[in-house]
Number of protein chains: 2
Amino acid sequence: MTEQQRRPTLMDVAQAAGVSRALVSIVMRGAPGAAEATRQKVLGAARELGYRPDSRARLLRSTRTKLLGLSFSTAHAFHAEIVDAAYAEASAKGYELALGGVTSGRPEDRTIEALLDFGSEALILISPTLSSDELARYAGQVPVVSLLRNDVGELTDSVSSDDYEGIRMAVEHLVSLGHRRIVHIDGGTAVSAEPRRSAFRAEMERRGLEPAIIAGGAMEEDGMTAGNSLGPDMPTAVIAFNDRSALGLIESLRAQGLKVPADVSVLGYDDSMFARLSYVQLSSISQDAPLLAAAAVDRAVARIEGTQPPGHVVRTPHLVARRTTAAPAAGG
Amino acid sequence: MTEQQRRPTLMDVAQAAGVSRALVSIVMRGAPGAAEATRQKVLGAARELGYRPDSRARLLRSTRTKLLGLSFSTAHAFHAEIVDAAYAEASAKGYELALGGVTSGRPEDRTIEALLDFGSEALILISPTLSSDELARYAGQVPVVSLLRNDVGELTDSVSSDDYEGIRMAVEHLVSLGHRRIVHIDGGTAVSAEPRRSAFRAEMERRGLEPAIIAGGAMEEDGMTAGNSLGPDMPTAVIAFNDRSALGLIESLRAQGLKVPADVSVLGYDDSMFARLSYVQLSSISQDAPLLAAAAVDRAVARIEGTQPPGHVVRTPHLVARRTTAAPAAGG
DNA sequence: TCATTTCACTAGAACGATCTAGAAGCCTGA
DNA sequence: TCAGGCTTCTAGATCGTTCTAGTGAAATGA
């Protein structure tokens with residue numbers, strides 16, 4: 001029904017403009033070596049014919065693809081923010097992004113293979129779940145940058161946020177408000193749950209405080225469950241593993257008739273869109289995901305274009321104080 | 001530092017196996033025309049060398065790419081669910097997906113061009129914002145399927161949910177519970193806000209009820225603002241434009257000291273992950289996004305492989321009753 | 001027995017770009 | 001006037017596949 005006409009090639013443009021294929025190629029990629037007059041003539045002909053270079057052919061010949069592969073998980077809403085930021089930075093550096101989604105039915109390696117097939121010159125993996133060895137195998141083919149996870153071995157680059165420092169700031173913030181009975185609802189088996197857990201323990205002990213830790217997870221449900229188990233001796237402040245868990249916790253506290261932050265202060269982690277919701281206004285530790293994403297893109301581009309060895313970039317998070325943290329009630 | 005060795009080609013495998021390039025090609029693509037013994041020999045050699053076909057070269061030669069372009073918006077969390085479902089269905093049909101993100105700094109047409117550059121044989125656009133004319137222009141090149149929006153002209157396929165029927169079900173549900181004073185907080189200028197608004201008006205009038213409509217939007221803030229403006233004569237039930245708006249509304253009602261659903265019933269739209277949160281349990285109209293996504297993929301594949309004309313698929317949504325809707329208090 | 005078909009395989013031309021090497025034209029300076 | 005050096009342009013090879021049109025050998029049929 002609909003007529004799918006053959007798309008014009010370099011040859012067509014060359015004939016229309018009365019020059020050689022090679023010259024059209026030169027003009028199309030903006031390379032030096034064409035007179036201004038012919039350049040205009042060729043561009044005119046190309047526009048006339050609606051010519052668009054065929055990237056497959058182009059990529060086949062020139063080893064450069066100017067393409068960065070980015071894998072993200074559809075299960076994590078905040079990955080979308082990272083994708084956003086990565087697009088912006090890649091575009092600024094003159095690169096295009098190939099996106100690969102990791103879903104429950106589509107494991108990470110499958111996604112990576114697809115990204116490589118598209119011709120990605122480097123890979124940026126958000127919180128990769130592969131082992132260091134597997135990552136190293138891919139790193140033998142193209143530069144690989146792990147985002148938000150840093151225990152990836154020496155062959156893989158990483159850009160991450162300093163979990164210890166984040167937790168330290170969280171404790172600092174609450175202690176300076178006057179809290180002493182602080183609980184950490186941890187992330188269970190989630191990525192970076194362990195470093196945050198041990199950072200909490202170390203930091204509390206350093207201050208001579210009791211490091212109470214409750215098993216949690218990355219989702220609202222985990223926060224609720226943990227919140228319900230707080231019952232007997234309620235702390236005056238809680239540091240959740242992340243914002244979503246914090247939300248569940250707040251809901252549980254509400255159900256128990258407790259006010260946040262009057263009765264209990266709650267601190268999230270990630271400064272995600274959940275924390276920023278106007279009716280939530282959750283105090284949170286920001287990893288500045290967009291900045292990290294930009295750094296990861298920079299890193300990938302540097303690896304592609306330079307000859308520097310893999311490295312690990314660690315950025316310092318910062319605290320965003322909103323409405324869920326305050327000084328404890330007198331005598332808390 | 002890291003040694004990026006040249007990847008093996010068909011030629012390398014051919015030499016290792018002692019056969020011609022063409023035969024290796026036949027074996028690699030599983031085409032008929034090779035003896036079982038040689039097939040095994042070739043596969044062995046390929047495995048040995050770690051050969052992976054170069055998709056760029058492959059795609060250049062064979063016009064088929066088996067690639068579907070899917071554009072989604074990073075601003076809409078539920079697009080992630082659609083991506084999930086689309087991956088599954090595409091994979092089942094033997095296609096790969098090329099993802100393109102639409103962000104604030106990256107308009108839809110830019111994303112589409114990138115998807116075409118990757119060699120997409122068809123495009124699936126989630127809630128496209130382009131005009132019918134612009135869509136038609138792309139539809140002249142490849143089949144284009146609009147997902148969740150159906151006013152896209154005759155050259156573009158569409159797969160969408162019946163908004164009228166969705167709103168009808170919403171009203172029906174509330175009326176059958178005993179509600180008569182029902183308000184619709186609309187979606188403002190969002191996609192499908194208008195059809196839902198007029199469906200609400202028509203359906204309420206058909207039942208001899210007053211169709212009260214309040215200006216809203218697609219986000220939590222819009223629901224809160226609208227909720228705060230309800231003040232004077234509070235209805236017994238509200239149909240929000242979507243789940244996020246419903247969440248904001250619920251928050252506003254809470255702040256006003258009203259209980260949901262005891263004082264006011266709230267119905268969302270989309271049955272998104274927000275509605276399913278265990279502490280929310282929002283009653284909602286489900287568009288069954290995953291099913292729609294699968295249908296869109298089917299449609300795209302059918303268009304690619306067959307010669308049928310563009311068409312519009314409309315599916316019926318269904319109601320998911322959870323904890324935010326109930327009979328009104330006596331005398332409500 | 002010999003023509004015909006089938007099967008397994010191959011040589012070489014595509015695909016649509018880029019890249020290399022070199023040619024033609026014009027300028028410059030001695 | 002001519003060597004040398006630009007600038008502008010072109011022919012042809014090339015990237016790694018798939019496709020077309022075969023070839024040769026074995027199997028089949030009358």
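Chain naming here is simple, since letters A, B, ... match the order of the sequence lines and numbering starts at 1 in each.
- When each of D:dT17, C:dT18, D:dT18 is scored by its nearest atom to the side-chain atoms of A:Ser25, the top-ranked nucleotide is C:dT18.
- Among the nucleotides C:dC19, C:dC9, D:dT8, the one closest to any side-chain atom of B:Leu23 is C:dC9.
- Distance CZ (B:Arg7) to C1' (D:dG16): 10 Å, rounded to an integer number of Å.
- Annotation: B:Glu48, atom CD; neighbour count of heavy atoms from other residues, nucleotides and ligands within 6.0 Å does not exceed 12.
- Place A:Met28 and B:Gly33 on DNA chain C by their nearest nucleotides, and B:Gly33 ends up nearer the 5' end.
- A donor and an acceptor atom never sit less than 3.5 Å apart when one is taken from the side chain of B:Arg61 and the other from the base of D:dT17.
- Side-chain atoms of B:Thr74 do not come within 3.5 Å of backbone N or O of B:Gly101 as any donor-acceptor pair.
- More than 12 heavy atoms of other residues, nucleotides or ligands lie within 6.0 Å of CD in B:Gln40, so this atom counts as buried by the packing criterion.
- Of the candidate nucleotides D:dC19, C:dA8, C:dT10, C:dT10 has the atom lying nearest to any side-chain atom of B:Val19.
- When heavy atoms are screened at a 4.0 angstrom cut-off, B:Ser55 is found touching no nucleic acid atom at all.
- A donor-acceptor contact closer than 3.5 angstrom is absent between the side chains of B:Arg21 and B:Ser25.
- For the pair B:Ile26 CD1 and C:dA11 C1', the computed distance is 13 Å after rounding to whole Å.
- Listed candidates were C:dC19, D:dC9, D:dT17. Nearest to the side chain of A:Arg29 is C:dC19.
- With hydrogens and angles ignored, a donor-acceptor pair closer than 3.5 Å exists between the side chain of A:Arg21 and the base of C:dT18.
- Applying the 3.5 Å distance criterion, the base of D:dT18 shares no donor-acceptor pair with the side chain of B:Arg58.
- Among the nucleotides D:dC19, D:dA11, C:dC9, the one closest to any side-chain atom of B:Ala34 is C:dC9.
- Between A:Asp117 atom CG and D:dG16 atom C1' there is a gap of 13 Å when expressed in whole angstrom units.
- Distances were taken from every side-chain heavy atom of B:Leu60 (C-beta onward) to each of C:dA8, C:dA11, C:dC15; the shortest belongs to C:dC15.
- Within 4.0 Å (heavy atoms only), B:Ala22 reaches at least one base atom of the nucleic acid.
- Between B:Ser20 and C:dT10 there is a side-chain polar atom (N or O) within less than 4.0 angstrom of OP1 or OP2.
- A close approach under 4.0 Å does not occur between any side-chain nitrogen or oxygen of A:Ser62 and OP1 or OP2 of C:dT18.
- Distances shorter than 4.0 Å separate none of the side-chain N or O atoms of B:Arg64 from OP1 or OP2 on D:dT18.
- More than 12 heavy atoms of other residues, nucleotides or ligands shown are found within 6.0 angstrom of CD on B:Glu305.
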